[in-house]
Engineer: 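Got a structure for you, questions after.
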Amino acid sequence: MCASLLYFKGFQIRVANGEKTNFPAVNRWFDSMETLESYQLTKSDYYTHCWDLPPQLGGCVNEDGSKQFQDSINGMNGSWDLPLAPDNNGLEPDWSWAGDEAAAKREAVER
């Protein structure tokens, strides 16, 4: 929901830790949920979520003011250039619970 509202409507609910928000309780709830392994295993990134919705639901309409968020989520305007900016420049909180780059490399070798 946070991803699709941002992408299609330009309405930001979820923010990176420490960022100012009009929805502090919702953000605390997400922070708590992200400590649960069961949630971590089902969590999706904003890009995947936003591109999966239209074929499933249809009727996803873009509103004025959403293009800048769409561009960042879609990797435009350098948002996917390496090294990646923390929290996609404030749009999508990083998955700090997923481990660091060294952990990702170890997991790739194990698979």
Side-chain angles (χ1 to χ4, degrees):
M1 179 184 232
C2 292
S4 56
L5 282 171
L6 181 64
Y7 190 87
F8 294 105
K9 308 301 179 191
F11 187 80
Q12 189 168 17
I13 295 174
R14 183 78 167 113
V15 298
N17 288 331
E19 296 283 325
K20 187 174 178 155
T21 178
N22 291 328
F23 309 99
V26 172
N27 278 267
R28 285 192 305 272
W29 181 81
F30 274 111
D31 290 341
S32 294
M33 288 294 291
E34 289 171 351
T35 66
L36 302 174
E37 185 178 6
S38 57
Y39 180 79
Q40 294 170 0
L41 293 170
T42 62
K43 182 175 171 62
S44 179
D45 61 278
Y46 282 20
Y47 175 85
T48 302
H49 177 76
C50 292
W51 279 94
D52 278 351
L53 275 182
Q56 293 176 28
L57 302 176
C60 296
V61 178
N62 301 327
E63 291 194 8
D64 292 340
S66 63
K67 182 161 177 21
Q68 70 180 27
F69 301 112
Q70 290 174 7
D71 286 349
S72 291
I73 291 169
N74 289 334
M76 308 299 288
N77 302 326
S79 65
W80 288 4
D81 290 353
L82 297 176
L84 296 174
D87 304 307
N88 194 2
N89 290 314
L91 293 185
E92 178 179 7
D94 284 337
W95 295 19
S96 56
W97 45 264
D100 59 10
E101 186 173 342
K105 288 178 181 178
R106 286 191 302 276
E107 180 180 350
V109 169
E110 291 170 359
R111 290 180 182 217

Engineer: Side chains of Leu91 and Gln12: closer than 4.5 Å at any heavy-atom pair?
Structural biologist: yes
Engineer: Can you tell me how far the OH atom of Tyr7 sits from the OG atom of Ser72, to the nearest 0.5 Å?
Structural biologist: 11.0 Å
Engineer: Using atom types as modelled and distance alone, determine if a side-chain donor or acceptor of Asn74 lies under 3.5 Å from a backbone N or O of Met76.
Structural biologist: no
Engineer: Does the side chain of Pro54 come within less than 4.5 Å of Phe8's, by heavy atoms?
Structural biologist: yes
Engineer: Nearest 0.5 Å please: distance from the OG1 atom of Thr35 over to the CD atom of Gln40.
Structural biologist: 7.5 Å
Engineer: Check for a donor-acceptor pair, side chain of Lys9 on one end and backbone N or O of Gly65 on the other, with a separation under 3.5 Å.
Structural biologist: no
Engineer: Which atom names give the shortest non-hydrogen contact between Leu53 and Ser4, and what distance separates them?
Structural biologist: CD1-CB, 3.3 Å
Engineer: Might you point out which heavy atoms bring Gly10 and Ser66 nearest each other, and give the distance in Å?
Structural biologist: N-CB, 3.7 Å
Engineer: Indicate yes or no: at least one non-hydrogen side-chain atom of Thr21 is less than 4.5 angstrom from one of Arg14.
Structural biologist: no
Engineer: Is Trp51 linked to Phe69 within one hydrophobic cluster, defined over Ile, Leu, Val, Met, Phe, Trp and Tyr using a side-chain heavy-atom separation of less than 4.5 Å?
Structural biologist: yes
Engineer: Under 4.5 Å side-chain heavy-atom separation, chaining through any Ile, Leu, Val, Met, Phe, Trp or Tyr, what else clusters with Leu36? Say none if it is isolated.
Structural biologist: Met1, Leu5, Phe11, Ile13, Phe23, Val26, Trp29, Phe30, Met33, Tyr39
Engineer: With the side chain counted from C-beta on, respond yes when Ile73 and Glu92 share a heavy-atom pair under 4.5 Å apart, and no when they do not.
Structural biologist: no
Engineer: Determine which pairs satisfy side chain to side chain donor-acceptor pair (under 3.5 Å) with at least one residue from residues 80-90, sequence neighbours left out, and list them in order.
Structural biologist: none
Engineer: Taking side-chain contact (heavy atoms from CB on, under 4.5 Å) as the test, write out the residues that go with Pro86, two or more places apart.
Structural biologist: Asp94
Engineer: Is it the case that over 12 heavy atoms from other parts of the model lie below 6.0 angstrom from the CD atom of Glu63?
Structural biologist: yes
